[in-house]
Amino acid sequence: NSSRTVRIVEVGPRDGLQNVKEIIPTATKIELIRKLCATGLQNIEVTSMVSPRAVPQLADGKAVLEDTQVQQLLQIHPQTRAPVLIPNIKGLDIAMQYGVKEVSVFVSASEGFSQANIKCSVQQGLDNSRKVAERALSHGISVRGYVSCIFACPFDGPTPHQAVLHCVKELLDMGCYEISLGDTIGVGAPTQVRSLVSFLTEAGIPVGKLAGHFHDTYGQAMANVWAAYHCGVRVFDSSVAGLGGCPYAPGAKGNLATEDLVYSLHTAGIDTGVNLSQLVDVGAWISQQLSAPNSSRAGNALRAA
Ligand code: HMG
Ligand code: MG
């Protein structure tokens, strides 16, 4: 793939906020989505519909979805994709009541994280995802898939490539239009990215079906994007201000900061459709709202410049 554009999937409102301890007002979440949209980001994961006991921070997902501005965003699909993360039919049924046009299903390539995160085995997670995907697709709802722990699991250690391939194949087979490869605990480095993406494509997975979702625990996320880019991957997930982390992945830090991603891509002459200076302001704004340090290096540098 030689095209000079990259599609960014902003996961801040979902992955970015799900691990924040103090409950954030729903209005702030909606304002974040609105501001992100105004920067030109056209793919924004807006919330999840999961057990409120599992992720208390996103227990207001319904209130987010029923907001008028979020509703407008949902309705202009596929110009703008606004997926909701869904683990089971219960979550899908709720999301459908709010007119959601895209959902993301998620599985782990490792057993330990699967049990911790969704209380079932990898295969049960795939079976649940298949039920969600089949029902969603029969209602014209697009489905994106995630595979977690692509390099390592906080409970099981290193993940074999074969386990990732199995999940990717099943998710594509159930109709996911794209599979996001998640380095949930952010331990992977560029050589591992090259090795995994080559393994998957040599096994017949089209590179155009793959996206990269790199957490930045070890500071490798941006380098990992470039490694994947050079293998042909053109879709990357990131989170404004580098927010993020999974409550069931001990030690996991935030996602790659969207500001850092946009800065790096634009410097290389690759189009993202995003207004960087506006995005930097959104990163500063949400960090202030959360009283948290802004984890975007580019964001902080551009503010100081
Ligand atoms: P369980 O306890 O076995 O489920 O959890 P359950 O069916 O017994 O339900 C428990 C309660 O949750 C019940 O309520 C259900 O009604 C309710 P109660 O009767 O006790 O009042 N419930 C729901 N409510 C709303 N929406 C739903 C839903 N489902 C059940 N969809 C379950 C199993 C899968 C539900 C749970 O473990 C869960 O929700 N897990 C999700 C955890 C999560 O969201 N993790 C973070 C996202 S994954 C991630 O961050 C990784 C990613 O970014 C990629 C990467 O970085 O690798 C995607
Ligand atoms: Mg994640």
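Just so you know, ligand 1 is whichever comes first in the structure, and atom 1 is the first atom listed for that ligand.
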Find out whether [X] and [Y] are in side-chain contact, i.e. whether some heavy atom of one side chain is under 4.5 Å from a heavy atom of the other.
X	Y	result
Thr5	Arg234	no
Ser104	Tyr146	yes
Arg7	Arg81	yes

Specify the protein heavy atom at minimum distance from [atom]: its residue, its atom name, and the distance to 0.1 Å.
atom	answer
atom 49 (C) of ligand 1	Arg14 NH1, 3.6 Å
atom 14 (O) of ligand 1	Arg53 NH2, 4.1 Å
atom 3 (O) of ligand 1	Lys119 CD, 3.6 Å
atom 37 (O) of ligand 1	Asn117 O, 3.3 Å
atom 39 (O) of ligand 1	Ser51 N, 2.8 Å
atom 25 (C) of ligand 1	Val50 O, 3.1 Å
atom 33 (C) of ligand 1	Ile118 O, 3.9 Å

Can you hop from [X] to [Y] via hydrophobic side chains spaced under 4.5 Å?
X	Y	answer
Phe155	Val187	no
Leu41	Ile270	yes
Tyr177	Leu171	no
Ile76	Val70	no

Between [X] and ligand 1, which residue portion shows a heavy-atom distance shorter than 4.0 Å: side chain, backbone, both, or neither?
X	value
Thr184	both
Leu85	side chain
Ser148	both
Arg144	neither

Taking distance alone, no hydrogens or angles, what donor-acceptor pairs closer than 3.5 Å link side-chain atoms of residues 279-290 to residues at least two apart or in another chain?
from: Asp281; atom 1: OD1; to: Arg303; atom 2: NH1; distance (Å): 3.4
from: Ser287; atom 1: OG; to: Gly283; atom 2: O; distance (Å): 2.7

Below 3.5 Å, N or O to N or O, backbone or side chain included: is there any such pair between Gly91 and ligand 1?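 Such a contact does occur with ligand 1.
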Between Ile8 and Asn43, the two heavy atoms sitting closest are O-CB, 3.4 Å
What residues form a salt bridge (charged side-chain N to carboxylate O under 4.0 Å, His left out) with Arg34, not counting sequence neighbours?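 Salt bridge (charged side-chain N to carboxylate O under 4.0 Å, His left out) list for Arg34, sorted by chain: Glu31.
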Whether the [X] and [Y] side chains hold a donor-acceptor pair (N or O, under 3.5 Å, no angle test) is what I'd like checked.
X	Y	answer
Thr26	Asp60	yes
Ser238	Thr258	yes
Gln115	Glu111	no

Hey, are Asp93 and Arg135 close enough for a salt bridge, meaning a charged N less than 4.0 Å from a carboxylate O?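 Salt bridge flag = yes for Arg135 with Asp93.
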Please step through salt bridge (charged side-chain N to carboxylate O under 4.0 Å, His left out) for the pair Asp237 and Arg144, ending with a clear verdict. CA-CA 12 Å; Asp237 303 354; Arg144 188 171 198 253; 2.8 Å; yes
Could you check whether any side-chain N or O of Glu45 sits under 3.5 Å from a backbone N or O of Val9, counting only pairs where one atom can act as donor and the other as acceptor?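 The answer is no, because no donor-acceptor pair under 3.5 Å joins these two groups.
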Short question: side chain of Tyr248, backbone of Ala54 - any donor-acceptor pair under 3.5 Å? yes
Can you list everything that forms a side-chain hydrogen bond (donor to acceptor under 3.5 Å, both in side chains) with Asn275? Sequence neighbours excluded, please. Ser277, Gln278
Please tell me if [atom] is touched by the protein, where touching means a protein heavy-atom distance below 4.0 Å.
atom	value
atom 19 (O) of ligand 1	no
atom 6 (P) of ligand 1	no
atom 9 (O) of ligand 1	no
atom 44 (O) of ligand 1	yes

Any idea which atoms of ligand 1 are less than 4.0 Å away from a heavy-atom of [X]?
X	result
Asn88	27 (C), 28 (C), 29 (N), 30 (C), 31 (N), 35 (C)
Gln18	46 (C), 47 (C), 49 (C), 50 (O)
His213	53 (O), 54 (C), 55 (C), 56 (O)
Pro52	24 (N)
Lys90	16 (O), 22 (N), 23 (C), 24 (N), 28 (C), 29 (N), 30 (C)
Met49	26 (N), 27 (C), 31 (N)
Val55	43 (C), 44 (O)
Ala54	38 (C), 39 (O), 40 (N)

Quick one: name the protein N/O/S atoms under 2.8 Å from the Mg ion (ligand 2), chain by chain.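 Atoms qualifying: Asp15 OD2, His213 NE2, His215 NE2.
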